[in-house]
Structures are given as C-alpha cells and as structure tokens.
Amino acid sequence: MDTTPVWFMRQAGRSLPEYRALRDRHGILDICRTPELAAEVTMQPVRRLGVDAAILFSDIVVPLEPMGVELAIVPGVGPVIDSPVRSRRAVDALRPLVPEEGVPYVLEAVRGLASTIDVPLIGFGGAPFTLASYLVEGGPSKNHSRTKAFMYAEPAAWQVLMERLGESVLAYLRAQVKAGAAAVQLFDSWVGELSSEDFRSYVLPSVGRIFDGLADLDVPRIYFGVGTGELLGDMAETGPDVVGVDWRVPLDEAGVRTGPNVALQGNLDPALCLAPWEVIEPRAREVLGRAPGTGHIFNLGHGVLPETDPGVLGRLVELVHREGAVDGDG
Ligand code: CP3
C-alpha cells in the first residue's frame, strides 16, 4: 500500500441503510450466528466506502455464550446478561472457550470471507476487563463501579476471572487467525475507567499473555480502548503492534506516550462526522499531520455513530488515500 490505510470501527452497522434493511428481518445475534449473513454485513462497508480492511461482523459478547453465559443484545441498550457474575463461584462456573465447538459459525464466516475478499480481514475479541464489565454489571454501565468494586473486594476471584477470559479470548483470536483473519483487534473499550496503577496490577498481565500468545502467528495485533489517554504507555507495554487512540489525545502526543515500538490507529472524533465537510476536512488533515513516524492506520477515535452519513465516511477514505503518507507508514 502506498498511502495511509483507513478503516472505521463500527463501519458495518446502523449507519448503513443496507445493514438496517437486513436488521429489519434478522436479530443481531442471528446475524452473528449465520455465516452468510455475517459475511454479507462484513462486506457492506467495503463495497460502499472503499475502506482498506474489513472487520468481521460479530460482537464482543458472542464467545461468552458457549462459556455458559445467557445473554441478549437489546437494541438501543447493548449486551444484557441474565445472571451477572459477582462471586468466586460464578467465576469458576465459566467454561473455557473451545472455539471450534463453541463458535463454529464465527470461524466459518472468517473462512468464507478470507477466501473471497481482496482486503485484509480484521478478527477481534473483547479484552478481559471489558468483557468482565458486562459480566459483572449485567449490562452497559456508566462508570463500571460494580466491576471495580468486585475487582477491589475480591482480588483472587478477579484474577481467576481475568485469566479465564484471557485464555478464552486468546484461543478465540488464534482460531480466527488460523481461519484466515489477517490482523486482530482487542477491544478494551471501557478500561479507561482504571488508573495506571490499577491497570498494571489488575489487568495488564492478562492482556500481555494474549499478545504474547499471538506472537508466533505473525499478524498485526491492535489494542484499543476509549478514554485511555493516561494508559497509553501501559497499553504499549502489553505487547501489541498497534495502539488505538481515541480523540482526546492528539496522535503526536500519543506517540510520545506509547514510545517507538508501536504504530498508532485513530483518531478523528466520531462526532465530527456529523459536522459539515468544511469542518471535518481540516480536522482529518490534522490527524494525518500529527501521525508519528512509527506508522499510522487512520480510523475514528471510537465507533461510527449510527446517525453518520455514509457519504462522509466515503469522502474521508478518499481524503486519506489522497493525502496520507506516501510510504504508508506515517
Ligand atoms: O463494523 C463493526 O465494527 C461492527 C461489528 C461490531 C459490533 N460490535 C456489532 C454491533 C463490533 C466490532 C462490536 C464490538 C463491540 N460490542 C464493542 C467494542 C467496540 C466498541 O464500540 O467499543 C462493545 C463495547 C460491544 C458491546 C455492544 N454491542 C454495544 C455497546 C452495543 C450498542 C448498543 C446500542 O444499540 O447502542 C452493541 C450492539 C451492536 N453490536 C450493534 C452492532 C452493529 C448495534 C445494534 C443492532 O444492530 O441492533
């Protein structure tokens, strides 16, 4: 590639009319569990927007179900868990994920996509803290206080929870790569809730084992969370190849925090995509201009908002391809 690559978190989904049309007929988990439908939705943004990568259509909670967790994804709310995990006993009851048995439909979707598309397919999983936040809270949460209370009050159970989720996510990501995923992203969406000190003692070891455990597969490994400006250095230490940055820290400053060993992904504010193009364009150029020399993948600082005009995303792709780094690495 001779320019900066670009894709968007949540590029498949509600901002696209073709996704909405399909969603009128199928539940989100039905789409995730039907390889042909998951593959179709994965392809929609590639066709329409010309992005440089596809991200598998699924959800971070999908692998929790075969671990013994009953859940639903409620429209406008998010994942909801029937029996929240709030005790050592509930942690011990979580079954380790065996991907070929637990989520065969995900691997079938990956295999089908990998053999047909001409852009790299990004596989993904939820990181231990973020998955734990849904398990402990029982659903979405503003400040994740129940999750943190469990972490502080029952550190031994928490450690087992991080280990169990970490091992399962590692197996899940390895299986996706073996099925044909060309890169993986670990979503730690809500870990920005923690201080650096707590991240290091309660979360970092389990994330480090995931990236270590993927190293031999030789695919780019991306680590991303929202509101993680104060954790960027710690996140780089877990061993990913790329750290995703939200819009709160400019990329040049983020690069100082992450150091010389990782590339950066990001970081246009998704809300900017709702503004007129004249406002968006200089801000997108600024993102490109601030990218460090260690490498850059253009993206938003978090997922595409449902009310975004897909036409704006298409213009962003054109702009990045036209104005991005000529050597493609920052
Ligand atoms: O192109 C893509 O990125 C889409 C594939 C995708 C989905 N979920 C589909 C989805 C991905 C990568 C995810 C990951 C995911 N799921 C994360 C990490 C990424 C992030 O945004 O931080 C998280 C935290 C979740 C949990 C989750 N699932 C939330 C917060 C929601 C939104 C709730 C709402 O309706 O506002 C979901 C539901 C969901 N997952 C939707 C989609 C397209 C929208 C609901 C629908 O179609 O009914």
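Quantities reported herein were computed from a predicted structural model and do not represent experimental measurements. For reference, positions follow the sequence shown, starting with 1.
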**Prompt:** Is there any salt bridge (charged side-chain N to carboxylate O under 4.0 Å, His left out) pair reaching into residues 97-126, and which pairs are they, with sequence neighbours excluded?
**Reply:** none
**Asked** Between CD1 of Ile73 and CD1 of Ile60, what distance do you get to the nearest 0.5 Å?
**Response** 9.0 Å
**Message:** Is it true that, when you exclude Glu18 itself, more than 12 heavy atoms of the residues, nucleotides or ligands shown sit nearer than 6.0 Å to its CD?
**Reply:** yes
**Message:** Checking Arg33 against Glu65 for the side-chain contact (heavy atoms from CB on, under 4.5 Å) test, could you report, in this order, the C-alpha distance in whole Å, the side-chain angles of both residues, the deciding distance, and whether it holds?
**Reply:** CA-CA 11 Å; Arg33 292 188 196 115; Glu65 203 158 45; 2.7 Å; yes
**Complete:** Residues at least two apart in sequence or cross-chain that pass side chain to side chain donor-acceptor pair (under 3.5 Å) with Arg10, listed by chain then number, are none
**Message:** Is it the case that the side chain of Thr130 and the backbone of Trp190 share a donor-acceptor pair, with hydrogens and angles ignored and the cut-off at 3.5 Å?
**Reply:** yes
**Message:** Taking the side chain as everything from C-beta on, heavy atoms only, tell me whether Gln265 gets closer than 4.5 Å to Gln185.
**Reply:** yes
**Arg315 CZ to Asp309 CG distance, which is reported to the nearest 0.5 Å** = 9.5 Å
**Pro155 to Tyr202 - nearest heavy-atom pair and separation** = CB-CE2, 4.5 Å
**Message:** Would you say CZ of Arg146 has more than 12 non-hydrogen atoms from neighbouring residues, nucleotides or ligands within 6.0 angstrom?
**Reply:** no
**Asked** Taking Asn299 for the side chain and Met9 for the main chain, is one N or O donor matched with an acceptor at less than 3.5 Å?
**Response** yes
**Request:** Verify the cluster assignment for Val62 and Val98: are they in a single hydrophobic cluster under the rule of side-chain heavy atoms below 4.5 Å apart?
**Result:** no
**Prompt:** Same cluster or not: are Leu288 and Val279 linked, directly or through other Ile, Leu, Val, Met, Phe, Trp or Tyr residues, by side-chain heavy atoms under 4.5 angstrom apart?
**Reply:** yes
**Prompt:** Does a donor on one side chain sit under 3.5 Å from an acceptor on the other, for Gln11 and Gln44?
**Reply:** no
**Request:** Start with the C-alpha distance between Thr34 and Tyr105, add both sets of side-chain angles, then the distance that settles side-chain contact (heavy atoms from CB on, under 4.5 Å), and finish with yes or no.
**Result:** CA-CA 6 Å; Thr34 312; Tyr105 41 84; over 6 Å; no
**Prompt:** Any idea which heavy atoms bring Ala132 and Leu161 closest together, and the distance?
**Reply:** CB-CD2, 3.8 Å
**Asked** Does the His296 side chain pair with the main chain of Gly266, one donor and one acceptor, at a distance under 3.5 Å?
**Response** yes
**Asked** Arg174 side chain to Gly213 main-chain N or O, any donor-acceptor pair under 3.5 Å?
**Response** yes
**Item:** Closest non-hydrogen atom pair, Leu194 against Leu231
**Value:** O-CD2, 3.7 Å
**Request:** Check whether any side-chain heavy atom of Glu307 sits under 4.5 Å from a side-chain heavy atom of Arg14, and report yes or no.
**Result:** no
**Request:** Indicate yes or no for a side-chain donor-acceptor contact from Thr4 to the backbone of Ala325 under 3.5 Å, with no hydrogens or angles considered.
**Result:** yes
**Asked** How many angstroms lie between atom CG of Leu121 and atom CG of Leu113, to the nearest 0.5 angstrom?
**Response** 5.5 Å
**Closest non-hydrogen atom pair, Pro270 against Trp247** = CD-CE3, 3.7 Å
**Asked** Between Ser141 and Glu137, is there a donor-acceptor pair closer than 3.5 Å when you use the side chain of the first and the backbone of the second?
**Response** no
**Prompt:** When you look at CZ of Arg322, are more than 12 heavy atoms from neighbouring residues, nucleotides or ligands closer to it than 6.0 Å?
**Reply:** yes
**Request:** Consider only side-chain N and O atoms of Trp158 and Glu154, and report whether a donor and an acceptor are under 3.5 Å apart.
**Result:** no
**Message:** Quick check: closest heavy atoms across Tyr223 and Val207, and the distance to 0.1 Å?
**Reply:** OH-CG2, 3.5 Å
**Request:** Return the orientation label for the Phe224 and His302 ring planes: parallel under 30°, perpendicular over 60°, tilted otherwise.
**Result:** tilted
**Request:** Could you tell me the separation between the CD1 atom of Ile81 and the OH atom of Tyr134, rounded to the nearest 0.5 Å?
**Result:** 9.5 Å
**Message:** Less than 4.5 Å apart, side chain to side chain, heavy atoms only: is that true for Pro66 and Leu97?
**Reply:** yes
**Prompt:** Hey, is Glu40 close enough to Arg47 for a salt bridge, meaning N to O under 4.0 Å?
**Reply:** yes
**Prompt:** Hey, does the side chain of Lys148 reach the backbone of Glu193 with a donor-acceptor pair shorter than 3.5 angstrom?
**Reply:** yes
**Item:** Ser196-Glu230 side chain donor-acceptor pair, cut-off 3.5 Å
**Value:** no
**Asked** Hey, what do you get for OG (Ser168) to OH (Tyr172), rounding to the nearest 0.5 Å?
**Response** 11.5 Å
**Prompt:** What's the spacing between Thr258 OG1 and Leu251 CG if we round to 0.5 Å?
**Reply:** 9.5 Å
**Prompt:** Can you check side-chain contact (heavy atoms from CB on, under 4.5 Å) on Ile297 and Val242, steps first, answer last?
**Reply:** CA-CA 9 Å; Ile297 302 167; Val242 183; 4.2 Å; yes
**Request:** Could you check whether the rings of Tyr19 and Phe57 sit parallel, tilted or perpendicular, using 30° and 60° as the cut-offs?
**Result:** tilted
**Message:** Just to verify, which of Thr228, Thr294, Leu232, Thr238 counts as forming a side-chain contact (heavy atoms from CB on, under 4.5 Å) with Val243?
**Reply:** Leu232
**Message:** For a 4.5 angstrom cut-off between non-hydrogen side-chain atoms, does Val46 reach Leu49?
**Reply:** no
**Message:** Do Asp30 and Arg25 make a side-chain contact, defined as non-hydrogen atoms from C-beta onward lying under 4.5 Å apart?
**Reply:** no
**Prompt:** Any idea which heavy atoms bring Thr308 and Ser15 closest together, and the distance?
**Reply:** O-CB, 3.7 Å
**Item:** Among Leu274, Leu268, Asp269, the one residue meeting side-chain contact (heavy atoms from CB on, under 4.5 Å) with Ile280
**Value:** Leu268
**Request:** Evaluate the criterion salt bridge (Lys or Arg N to Asp or Glu O under 4.0 Å) for residue pair Asp92 and Arg88; output intermediate values, then yes/no.
**Result:** CA-CA 6 Å; Asp92 287 335; Arg88 173 65 193 252; 3.1 Å; yes
**Prompt:** Would you say Val103 and Met67 are hydrophobically clustered, going by side-chain heavy atoms of ILVMFWY under 4.5 Å?
**Reply:** yes
**Same cluster (ILVMFWY, side-chain, under 4.5 Å), Leu305 and Val6** = no
**Request:** Taking atom types as modelled, find out whether Asp198 and Tyr152 have a side-chain donor-acceptor pair closer than 3.5 angstrom.
**Result:** yes
**Request:** Decide salt bridge (Lys or Arg N to Asp or Glu O under 4.0 Å) for Asp234 and Arg257; before the verdict, give the C-alpha distance in whole Å, the side-chain angles of both, and the deciding distance to 0.1 Å.
**Result:** CA-CA 9 Å; Asp234 305 311; Arg257 298 183 190 186; over 6 Å; no
**Prompt:** Just wondering, do Arg209 and Glu163 contact through their side chains at under 4.5 Å, heavy atoms?
**Reply:** yes
**Message:** For residues Val41 and Leu107: do they belong to one hydrophobic cluster (side chain heavy atoms under 4.5 Å, members Ile, Leu, Val, Met, Phe, Trp, Tyr)?
**Reply:** no
**Message:** Apply side-chain contact (heavy atoms from CB on, under 4.5 Å) to residues Val69 and Leu135 and explain how you reach the verdict.
**Reply:** CA-CA 8 Å; Val69 178; Leu135 291 175; 3.8 Å; yes
**Prompt:** Do Asp246 and Asn267 have side chains that get closer than 4.5 Å, going by heavy atoms?
**Reply:** no
**Message:** When you compare the side chain of Leu71 with that of Leu64, does any pair of heavy atoms fall below 4.5 Å?
**Reply:** yes
**Request:** May I ask you to decide if Asp252's main-chain N or O and Arg290's side chain share a donor-acceptor pair within less than 3.5 Å?
**Result:** no
